[in-house]
Structure formats: structure tokens, C-alpha cells
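Numbers restart at 1 for each chain; the letters A, B, ... are given by sequence-line order, proteins then strands. Just so we're clear, the structure is a prediction, and the values are computed from it rather than from any experiment.
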Amino acid sequence: MLVYLQMIENEDDKSKFIQIYRTYIGLMFHIASKYLINQCDREDAVQMAFEAIIRNIKKLSDVDCPQTHSYIVITIESKSIDVLRGIQAKAGVPFDDNTEGLSIDLPGDNGLADALAQLPARYREILLLRYDCGYTTKDLTSMLGLSRGNVQKLIWRAKAALREALEERRDFC
Amino acid sequence: MKQMITDSDIAMAAKAVGQSMRASLPDPKLCPYDPTPEYVDRILTLAEMNCSRQYSSDKKLWVKRVAAVFLAGIIGAGAWLSVDAEARDAFFSWARHIYENSIIYSFFAGERLDELPDCSVNWLPNGFEQTMETGGQASKTKVYSNGTSEIYFDWWLVSDTTENAFLSADAEIRNVRVNEFEGDLLIPDDTEMTSELIWIDSEKGVTFLISAYLDESELIKIAESVSYD
């Protein structure tokens, strides 16, 4: 944890980070293990996730609140997929941009919520960050390292994918 | 007919999915974590590397301080600002700072418009037509599509002390002109990302942004066709 603490200047932020580290590190490795077989790769993903958490520490609420919990789950999922993408690129294997997110229990409404839960990881992540965690487009530009235009594009595409998924569910039924 | 999905519908669904997601995972407090000796070694190595990274962080801070002094110099030394009080209020002064992976536009002086004027794009590449329009008093977006690709056109109001930051990691930044205005073109190394053209109407205090998978000439042609309604 030493290296992470060195990256944070403010004492309150350090204290918050220590709590996050202690509370979530086990869960983060658990989630990384869903995507990555090799322990070194899992450690890479967890490290990348903590670096993202540090950059956005001021935007995070209480350590135990649902918003922070969701943000950390989404972040480690995203970084695990990034590491997986890098591994496959090195192996010359094309990466599927529609990689699924973590397998979760469906909310059970047989409608919009179930469709959203089953979206590809990148679309589900952006919609959860925007609408469940409540981050604005402006927040997301710095959190994700994307320009405002690209954040908007990602949200727009996620909504289009959601609409399409919902239509397919209705046609099937 | 396609059913409309509103933002509040998505928000309700997202809350339900967020709840399910958290409930599907083990309690964070009950997840065991036992670092391997190799991981501890890596972290210690990273700690040593981070000490040298602190130097470059300090360097960035130095650049920011210089930029702040430069800005203060602009405000203090701009002769035209002292000549005519109306001119000082009417026009926005702004400065652009390019850092390692971002461009920050800082605005000062100028009186913000009460409402953002509507704008139209009067030239588009073949096949594109408007598919969406959103926004409010201070910012608006129009989206154009040809079925396979989109063009995003955003514009928004700026005011005294506004700062707009654009992240440009791994992108080439080119200074361009859009009619009589100065602008920046960001061309990313990653072909998955759109190119972006930003320019500022300093008289009205409006920033414009076009994001699309288009080349420089097409982006500038679109930008130069933008007019206030």
C-alpha cells in the first residue's frame, strides 16, 4: 500500500484510501479472478484499479456506501478486461468488444433492468456509472480518461444497445 | 413503433441492476486476501519507482505555476482591455494550456449570455442526417448519423473562471482556424477514438466541439458551416 499512499497528498484522502484498500482488496482479487487465470495478471488489474481509485478519490463518497461499492466493482471489472485485452493482443487473438460483464443475478423485471444487466461489459459499465452511481458526463471524462465527446458517444451507444436488447426481448416473448 | 426509453427509466433500471450486482458478489469484508511474496516485492519496487515519478509530478506543478503567472500577465498587460470598458466586458479572454495529456481552456472577463443560442450545421458529408438533439440553457448537442457512424456537435456557454479540460492522451494536437476563430484539432493514435475539433467564439463566449471519425478537412468544413439560428 506504501506506493499508493505516496501518490496521495491529502491526509483525509489517504485515510479514505486506506479504508477502501482494506475493505475491497479481497473482493477486487475475487472479481479479477473471473477474467484472469494468472495471479500476476490479477495483480496488474488490481494495481490499475487502485491507481484509478486514487485519481478519483475526491469523487468517491463514504467507503461503505452503495455508490462507492458499485464504482469499485465496475472499475476492477473494467481493468481486468483491459488486462485480458492486452494478453489477447500479444497472443495475436482478436478481442471481442462485446465481452460480457460479470455474471450477476437478473433483477427479474423481464424488461429494461434485465436487458441492462445483460449488456456487454463496456455498455453496462457506463450506464451504471452514469445512472446508478450518479456521475455526470463531466465526472466521467476524468474518471475514464476520455474526452467529453467520447463519453457522450459511449453513453449514446450504450442506450442504443439497450434499446435494441429490449426490442429483442419483446420480440422473443 | 419503437418505445421511447427515458433517462428516468434507465435510472430506475440501473439502480435495480446495481443492487443485483452488489448482491451477486460476496461481502467485501468476507473475501480473503493473501499477497504472494512476489507481489510484495513488486509493490516495493514500484514504491522506489514512484519516488522518481514524484519529480515529474513536481515538474508538472511548476508548469502550472508558470502558466498561472502567464495568465496574470495577460490580464494585467493587455492594453486593449484598459481602453474601452464595454470592450472589456463584451469579449472573453481565454488562454489554452497544453499539458502532458490534456488541454485546458481557461476563460476570464466577459459577460455570460443568459441563454445559449441555437446553432445549425449547414454542411455534412454525404449520407449524414440529424438523429438526435438534446440540451438546455447552457449546453446543447446535436447528433448526426449515416447509419454506421455518428458526428457529435456540442456547444456550450463559458463564463468568467470557466475551465474546460480536454483529455488528449496519445493524440496529436494541431492548431487550426475555423473562419475567424482559433481552434484545436485532436487526432488520437487509437483509431477507435474519434477526432475532435474544438473552437471558441470569444465574442459570444461559446465553445464548440465536433467529434467524429472524419479527417481534418471534413471536420473544418463542418465547423465552418456552423451558424447561429
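Smallest separation of non-hydrogen atoms from B/A11 and A/Y131: CA-CB, 3.9 Å. Across all non-hydrogen atoms, the minimal contact from A/Q152 to B/Y152 is O-OH, 3.8 Å. Of all heavy-atom pairs spanning A/L27 and B/C31, the tightest one is N-CB, 3.5 Å.
Under a cut-off of 6.0 angstrom, the local environment of CG in B/L30 is crowded, with over 12 non-hydrogen atoms contributed by other residues, nucleotides or ligands. The environment of CD in B/E216 is crowded: more than 12 heavy-atom neighbours from other residues, nucleotides or ligands sit within 6.0 Å.
Taking chain B as the reference chain and counting heavy-atom pairs below 4.5 Å, the highest number among A/A115, A/C133, A/G26 is found for A/G26. By number of non-hydrogen pairs under 4.5 angstrom with chain A, the leading residue of B/K29, B/M21, B/R22 is B/R22. For chain B, the option among A/D109, A/V73, A/D114 with the highest count of heavy-atom pairs below 4.5 Å is A/V73. Ranked by heavy-atom pairs under 4.5 Å with chain A, the list B/A212, B/A23, B/A16 is led by B/A16.
One distance of note links OG1 of B/T141 with CH2 of A/W156; it measures 12.5 Å at 0.5 Å rounding. Interatomic distance, A/I72 CD1 to B/L25 CG, rounded to the nearest 0.5 Å: 12.0 Å. One finds the CD1 atom of B/I10 at 7.5 Å from the CG atom of A/L116 (value rounded to the nearest 0.5 Å).
Side-chain contact between A/L106 and B/S20 is absent, with no heavy-atom pair separated by less than 4.5 Å. A heavy-atom distance below 4.5 Å is found between the side chains of B/P28 and A/H69. In this structure the side chain of B/V17 never reaches within 4.5 angstrom of the side chain of A/L127, judged on heavy atoms.
Ion pairing between a basic and an acidic side chain is recognised when a charged N comes within 4.0 Å of a carboxylate O; A/R130 and B/D7 show no such pairing.
Residue A/L102 touches chain B through its side chain alone, counting heavy-atom pairs closer than 4.5 Å. Residue contact with chain A, scored on non-hydrogen atoms closer than 4.5 Å, is absent for B/M12. Heavy atoms of B/S8 lying under 4.5 Å from chain A are absent altogether.
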